Amino acid sequence: MVELKWLWERIGKDKPGYIVALFLAFMVSVASIVVPHITRIIVDTFITNPDAATNIVAFRSYLIQLLVFLVVFTLFRTVLSFISMMLFEKISQNVVFKLKNELYDKLQRQDNSYYVKYSTGDLMSTMTGDLDMIRHSISWLLKTIMESLTVFFIALVYLYTINHRLTLWMAVLAPFIFILTHQLSKEVRPMYGILRDRFTDLNSAAQENIAANRVVKAFGTEQYEIEKFNKISYEYQVANENVSYTWIKYNPALEMLSQSFSVILLLVGGIYMMRGDLSYGDFAAYSGLIWAISNPMRQIGILINDIQRIAISTHKIHQISEAKSKITKEKYIPNPRRLIGDIEFVDVSFGHDDDDVLKNVSFKLDSKKRVAIIGPTGSGKTTLVNLLMRRFDPLEGYISVDGIDIREYELDEYQSNIAITTQNAILFSDTIQNNIAYGMKDFDEAKMIDAAKSAFAYDFIEDTKEGYETLVGEDGVGLSGGQQQRVALARAFASERPILILDDTTSALDNKTEKLILKSLDLKRDETTQVIITQRVSTAKASDLILVLDKGSIIEQGTHETLIEKQGYYAMMNKLQREPEEGV
């Protein structure tokens, strides 16, 4: 089986310990015939034997030794079983620990195109449910398969030595059981795939709606979201029921066949006893080991279910572990060089599926200068910034920083020179201090406070009860939109990187705060090259270069004054944004 082979490979350095655990489990399984064998001796010698009373007196010490051995051996077998289970559990936890870290590392290294393809709910399902299935498989599934096979064949061999004809009568049921389980496997596997997909849909719906709770409440669409979730939940229920009903459909037949072993023993074994071909001790041995034959047969359905589930889980894990990112960090650089910040785009084009997002974009920006990018929605502004950050690579042309194609830099070194704040401020569920200090190489409280002042976040932080230790909540839910933007901007300032990107950062700020932040940016011109995406002429006009994008192309570029003189799109935006102010 491919899945079991993959599991074995994932055990890695724990293979010696796992082999020991398997060996102990094997010994426990083999030892299962000891107690029935001793019971057989006691029954035939000291209970049903015509000279039983004489034997008890003559071999009293032998009988006591057998009884003591049964007690001691049972305890010994229990200890071996305990050690084996502890080893299985420890190793399974180790494997899942390593897998979680590997998968998380892999996710961190994926480019943007990967997250377009896979939803958060799907990835979370893999990182939780699928990995727990791996733990279950290593700690229980592999062990149970080995134990069931060992016990089954050891018991058959031992019973065959007692009475081969009775054993063959019992073994005749095995082919029917295997036919049923094969059919069950064929039916249930695709159902588990559907069930896993419905579980992903359920996770995605819950994650998206909890994250967007403010939007839901703002639009009063709680009932709509509840009904939508109920529909997805019902589809998951139906998929779960289909799997369960399929199992239930086959389970009575499997249970009947496994119970038939006892019926055969009573009927055929009883006849053999009446004919003198089977002793009472032999019958007791068969009775003691009937579970060793019937129980593995009974567990086949459960094992088939788990094997199908592990097949689906390993497939999902493979999707992450084998994903290839076009843009990867080959290594981490502890002390990256600081770039100067000269930026140049040369005939850069980019698109998705024959849809051009940027077409032949060219401009040059010297270090310590500011470029503002303005244009209608969908003009390619954010894509331009994503290319600069090397989240994607151009399909045509190239981007250089300090005269070097950015693809020639080590990705870690290059991106460590860029700080960004986005329109939707992304904050971690942590303290304000940790959010601001997130991009700092070495924590410096004075620099952190200075960054907060530069972003005009200092006053509202000081007004909070916990100050910089205030927890902002998931996605900064404990702060207003403007406060979130200012904390995110402080984080960018605190990182002190030579290239600073503001992706419509001032959109959630009032005009007064915007002007104050622009003053801060002016004070930092000697430290950073600034790239600002904005829809506000008031934000763009103090820039050294203004680019006007429309449908992926630069339709205008220049300073505020030169663009006003051209009487084009920029001049129109300037007029539209000034008229309301004059009317007030």
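Just so you know, these numbers come straight off a predicted model, no measurement behind them.
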I'd like to know if the side chain of [X] and the backbone of [Y] have a donor-acceptor N/O pair within less than 3.5 Å.
X: Q530; Y: V371; answer: no
X: T562; Y: G558; answer: no
X: E413; Y: Y409; answer: no
X: S362; Y: D347; answer: yes
X: T534; Y: R536; answer: yes
X: Q535; Y: G375; answer: yes
X: Q567; Y: I564; answer: yes

Pair [X]-[Y], side-chain donor/acceptor within less than 3.5 Å:
X: R196; Y: T126; result: yes
X: K381; Y: N386; result: no
X: D550; Y: S379; result: no
X: S313; Y: R309; result: no
X: E410; Y: Y414; result: no

Inset, instruction - For the pair H560 and Y570, name the ring-plane relationship: parallel under 30°, tilted 30 to 60°, perpendicular over 60°. - result: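 Perpendicular.
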Inset, instruction - Could you check T529, D522, D544 and say which one makes a side-chain hydrogen bond (donor to acceptor under 3.5 Å, both in side chains) with R370? - result: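 Result for side-chain hydrogen bond (donor to acceptor under 3.5 Å, both in side chains) with R370: D522.
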Salt bridge check, [Y] against [X]: does any charged N sit closer than 4.0 Å to a carboxylate O?
X: E235; Y: K231; result: yes
X: D402; Y: R338; result: no
X: D201; Y: R198; result: yes
X: R10; Y: E102; result: yes
X: K447; Y: D450; result: no

Hey, are the side chains of [X] and [Y] touching, using non-hydrogen atoms and a 4.5 Å cut-off?
X: V361; Y: S349; value: no
X: E344; Y: I399; value: no
X: K524; Y: S454; value: yes
X: T314; Y: I134; value: yes
X: R135; Y: V95; value: no

Legend entry - Closest contact, heavy atoms only, L387 versus P394: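 Scanning both residues, the minimum pair turns out to be CD2-N, 3.8 Å.
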Legend entry - Heavy-atom closest pair, residues A205 and I232: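 Minimum heavy-atom separation between A205 and I232: CB-CD1, 3.6 Å.
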Gap separating the [atom1] atom of [X] from the [atom2] atom of [Y], nearest 0.5 angstrom:
X: I310; Y: I138; atom1: CD1; atom2: CD1; result: 7.5 Å
X: K100; Y: Q93; atom1: NZ; atom2: CD; result: 8.0 Å
X: I436; Y: E445; atom1: CD1; atom2: CD; result: 11.0 Å

Ring pair (Phe, Tyr, Trp, His ring centres under 6.0 Å) against [X], all qualifying residues, sequence neighbours excluded:
X: H315; answer: none
X: Y192; answer: none
X: F456; answer: none

Legend entry - side-chain contact (heavy atoms from CB on, under 4.5 Å) between R525 and L521, intermediate numbers included: CA-CA 6 Å; R525 283 204 179 194; L521 291 174; over 6 Å; no
Inset, instruction - Kindly indicate, with the supporting measurements, whether the criterion side-chain contact (heavy atoms from CB on, under 4.5 Å) is fulfilled by L195 and E241. - result: CA-CA 9 Å; L195 177 63; E241 287 175 349; over 6 Å; no
Legend entry - Distance under 6.0 Å and angle within 45° of ring axis: K364 vs F345: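 Relative to the ring axis of F345, which defines the angle, K364 lies outside at least one limit.
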Legend entry - Residue from L563, I373, T559 passing side chain to side chain contact (heavy atoms under 4.5 Å, CB included) with I546: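 Result for side chain to side chain contact (heavy atoms under 4.5 Å, CB included) with I546: L563.
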Inset, instruction - Please determine which of I501, I418, T422 meets the side chain to side chain contact (heavy atoms under 4.5 Å, CB included) test together with V385. - result: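 Exactly one candidate clears the test, I501.
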Inset, instruction - May I have the step-by-step check of side-chain contact (heavy atoms from CB on, under 4.5 Å) for S400 and Y398, ending in yes or no? - result: CA-CA 7 Å; S400 69; Y398 67 91; 4.1 Å; yes
